[in-house]
Amino acid sequence: MRLSRYFMPTLRDAPADAQIVSHQLMLRAGMVRQEAAGIYAWLPLGLKVLKKIEQIVREEMDRAGAIEVLLPTLQLADLWRESGRYDDYGDEMLRIKDRHDRDLVYGPTAEEVITEIFRAYIKSYKDLPKNLYNIQWKFRDERRPRFGVMRGREFLMKDAYSFDIDEAAARKSYNRMFLAYLNIYARLGLKAIPVKADPGPIGGDLSHEFIILAETGESEVFAHGDLVEMGAPGPDIDWDGDLEPLVTQRASLYAASDEMHDAARFEAEVPEGKRMTARGIEVGHIFYFGEKYSKPMKALVTGPDGKDAPIHGGSYGVGVSRLVAGIIEASHDDAGIIWPDAVAPFGVAVVNLRPGAAEVDAVAEQAYKALEGLGKEPLLDDRDDRPGAKFASLDLVGIPWQLIVGPKGVAEGTVELKRRATGERQILPLDAALKVIAG
RNA sequence: CGGAGUGUGGCUCAGUCUGGUAGAGCACCGCGUUCGGGACGCGGGGGUCGCAGGUUCGAAUCCUGCCACUCCGACCA
């Protein structure tokens, strides 16, 4: 992409409405535009990052055996009446009427819809387990939206739903999601810890929140340090095998957010040198809720004994749009965003310091084409602007590499390569720079 | 939903107390000089001052009502 033809409206000043750093940086980098409280338009740069995160989530869900569907944003109110949640959910649910005066809701989640689909097709225990997931916009009419896309009213969520014959089987589904979530966050360049959660209004007795560590995070977490060091299990585990040991290894270590924290237990269970207190952002939540929806909505399967029984369900959410902000909270400096390579909107910025100077243009073009060939998604900064302005805006939007092509270097046969994350620079021939970027 | 606050060109803000017909910086357009970390000069365009009423000779400014947005609190991917 040539920056002179792109749409990347960066701002020097952060709009006064933005309070937290990720919100300020997203606005300054031209990633989103607020249209109403908690409702955002995604501009090209923001959309690129959102899509990359979405794709990583998708790949890890697929790997863990979940199957993607796409559910509607508008749902019939009658389904919610069946589960009893039409009245329970309250004002957070956006209710709409169509031209036939029929009640609809803009889905805040999709347990009802997916349960309706499941019960229409799946009749036998032989078809279990099933895990269906959906990456779709949700709407929750928050009393107080805030912090940009961190708590929007409209947000992109990955929600998965598992269906199993009994609790023991459901636990296996739960374990798969537990480990898949750790892999997702690791791929996004984040340190995440699973924390036992209050299952809340959704019910059930097995629930974890996933909190990514960021100094500016809104909640405080207390955890055993090994939990962070242990990290994710990686993609190559036997997803059909017994995952219980991998889960237990992690879930048995102390981890709690401030509201569930028990200082006495923390001190008793965690040796002094391992006690970690940090701030974080909740970016995922998994639940086992048993028959909560299958019973009232009659999602029954016939068991080996010939009798019908409600399935045991779980649901698993990742806040995809929230992760965009979460990653920024976890990875930025005074100059702007520092994208992890996996989600960066562009892989490299080729900075032409003197557009119009034929020799410089030629080298910049050559670098750009080579990087395209390498699949590095280069952005060619061919703007007619001063060097400082270019560096400032490219630092702001956080592209991982800057390959700087200027008249001095071109005369000497070199370019400058700068790593955004560390600020490290080296001057070297173009071929060598390309090798470094290629990894 | 309780409490607090803010609405003035795309962004940051001044002007409001004390009414007199709207301003600065950034951004944008033109010309010139510049060009390795957000340049400078000259010229220019863009705002029914959130909306609706009211007071007044006259309202961004005072009064009333409404709307929007932000922050703190209780709840949440």
Side-chain angles (χ1 to χ4, degrees), chain A residues 9-20 23-24 27-28 30 33-39 53 57 89-93 107-110 134-160 181 184 197-202 208-212 218-219 257 259 281-287 315-326 334-336 351-357 360 383-396 402 404-412 414-416 418 423 425 427:
Chain A
T10 55
L11 300 172
R12 292 182 67 157
D13 299 310
D17 283 349
Q19 294 298 313
I20 62 165
H23 191 196
Q24 291 171 349
L27 293 171
R28 286 191 57 210
R33 168 153 183 96
Q34 180 170 353
E35 295 295 337
I39 298 178
I53 295 171
V57 171
Y89 218 97
D91 288 339
E92 242 175 60
M93 190 158 65
T109 174
N134 173 54
I135 301 175
Q136 177 63 291
W137 292 91
K138 306 294 190 294
F139 196 95
R140 293 183 192 171
D141 204 354
E142 297 275 348
R143 295 173 195 88
R144 183 148 97 85
R146 63 187 129 166
F147 305 145
V149 301
M150 193 79 85
R151 172 149 316 130
R153 288 193 292 170
E154 191 179 42
F155 58 97
L156 188 62
M157 180 166 87
K158 185 286 298 176
D159 42 324
Y181 273 37
I184 288 170
D198 180 354
I202 241 171
H208 284 86
E209 286 177 3
F210 290 80
I211 296 186
I212 56 169
E218 49 183 338
S219 51
S257 55
E259 64 267 24
I281 299 162
E282 187 194 337
V283 290
H285 202 155
I286 62 178
F287 304 90
S315 73
Y316 314 90
V318 170
V320 177
S321 48
R322 170 179 283 190
L323 271 166
V324 178
D334 290 343
V351 189
N352 183 339
L353 289 186
R354 195 70 61 84
V360 181
R383 291 175 295 183
D384 182 20
D385 223 333
R386 294 170 61 86
K390 296 186 179 204
F391 295 138
S393 62
L394 293 171
D395 285 349
L396 171 63
Q402 289 172 21
I404 301 157
V405 183
K408 289 179 198 165
V410 167
E412 293 164 11
T414 59
V415 297
E416 180 179 335
K418 179 180 132 187
R425 303 145 183 270
I427 293 175

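All values derive from a computational prediction rather than experimental measurement. Naming: A, B, ... by sequence-line order, numbering from 1 per chain.
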Next item on the list: Pick the P atom in rC69(B) and in rC76(B), then give their distance to the nearest Å.
Entry: 23 Å
Checklist line | Under-4.0 Å side-chain N/O to phosphate OP1/OP2 contact, Gln34(A) with rU70(B) | finding: yes
Note to self: Between C1' on rA77(B) and CG on Asp141(A), what's the gap in Å once rounded to a whole number?
What the structure shows: 16 Å
Check: Using purine N1 to pyrimidine N3 plus N6-O4 or O6-N4 for Watson-Crick, or N1-O2 and O6-N3 for G-U wobble, each under 3.5 Å, what pairs with rG41(B)?
Finding: rC31(B)
Next item on the list: Check the distance between rC69(B)'s P and Ile39(A)'s CD1 and give it to me in whole angstrom.
Entry: 8 Å
Check: Considering only the P atoms, how many Å lie between rG20(B) and rU16(B), rounded to the nearest integer?
Finding: 9 Å
Check: How many Å lie between CG on Asp159(A) and P on rA77(B), as a whole number?
Finding: 12 Å
Next item on the list: Name the closest nucleotide to the Arg386(A) side chain, picking from rG37(B), rC76(B), rC35(B).
Entry: rC35(B)
Note to self: Heavy atoms from C-beta onward define the side chain here; which of rC35(B), rC11(B), rA77(B) lies closest to that of Pro387(A)?
What the structure shows: rC35(B)
Margin query: Both Phe147(A) and Gln402(A) contact RNA chain B. Taking the nearest nucleotide for each, which residue is further toward the 5' end?
Written below: Gln402(A)
Checklist line | Heavy-atom closest pair, residues Arg153(A) and Ala36(A) | finding: NH2-CB, 4.4 Å
Check: rC1(B) phosphate, OP1 or OP2: any side-chain N/O from Arg144(A) under 4.0 angstrom?
Finding: no
Notebook entry, point to check: Between Arg12(A) (CZ) and rU12(B) (C1'), how many Å, whole number?
Noted result: 11 Å
Check: Paired with rA14(B) by Watson-Crick or G-U wobble geometry, both distances under 3.5 Å: which nucleotide is it?
Finding: none
Item checked: Spacing of Phe287(A) atom CZ relative to rC76(B) atom C1', expressed in whole Å -> 10 Å
Checklist line | Sugar-phosphate only, base, or nothing, as touched by Gly152(A) at under 4.0 Å among non-hydrogen atoms | finding: base
Notebook entry, point to check: Are the ring of Phe391(A) and the base ring of rG38(B) both nearer than 5.5 Å at their centres and tilted by less than 30°?
Noted result: no
Notebook entry, point to check: OP1 or OP2 of rC1(B) less than 4.0 angstrom from a side-chain nitrogen or oxygen of Arg143(A), does that happen here?
Noted result: no
Check: Asp17(A) has an atom CG; how far is it from atom P of rG50(B), in whole Å?
Finding: 15 Å
Check: Thinking salt bridges, do Arg146(A) and Glu218(A) make one under a 4.0 Å N-O criterion?
Finding: no
Margin query: Without decimals, in angstroms, what is the distance between Ile212(A) CD1 and rA77(B) P?
Written below: 14 Å
Margin query: Using a 3.5 Å distance criterion without hydrogens, assess whether the side chain of Gln24(A) forms a donor-acceptor pair with backbone atoms of Ala18(A).
Written below: yes
Check: Considering heavy-atom distances to RNA chain B, does Asp13(A) or Ala389(A) have its closest nucleotide positioned more toward the 5' end?
Finding: Asp13(A)
Note to self: Main chain of Arg144(A), side chain of Glu142(A): is a donor-acceptor contact present, judged purely on distance under 3.5 Å?
What the structure shows: no
Checklist line | P atoms of rA14(B) and rA24(B), separation to the nearest Å | finding: 16 Å
Next item on the list: Identify the nucleotide, in any strand shown, that forms a Watson-Crick or G-U wobble pair with rA68(B), with both distances under 3.5 Å; if there is none, say none.
Entry: rU6(B)
Next item on the list: Give me the ring orientation class for Phe287(A) and His285(A): parallel if the planes are under 30° apart, tilted from 30 to 60°, perpendicular past 60°.
Entry: parallel
Next item on the list: Could you tell me the separation between the CD1 atom of Ile135(A) and the CG atom of Asp159(A), rounded to the nearest 0.5 Å?
Entry: 9.0 Å
Check: Does any nucleotide pair with rG47(B) by Watson-Crick or G-U wobble geometry, both distances under 3.5 Å, and what is it?
Finding: none
Note to self: Can you check the distance between rA59(B) and rG53(B), where both ends of the measurement are the C1' atom (answer in whole Å)?
What the structure shows: 13 Å
Margin query: Rounded to whole Å, how long is the line connecting atom CD of Glu142(A) with atom C1' of rC71(B)?
Written below: 16 Å
Notebook entry, point to check: With respect to the side chain of Leu396(A), which nucleotide from rC11(B), rG38(B), rG37(B) is positioned closest?
Noted result: rG38(B)
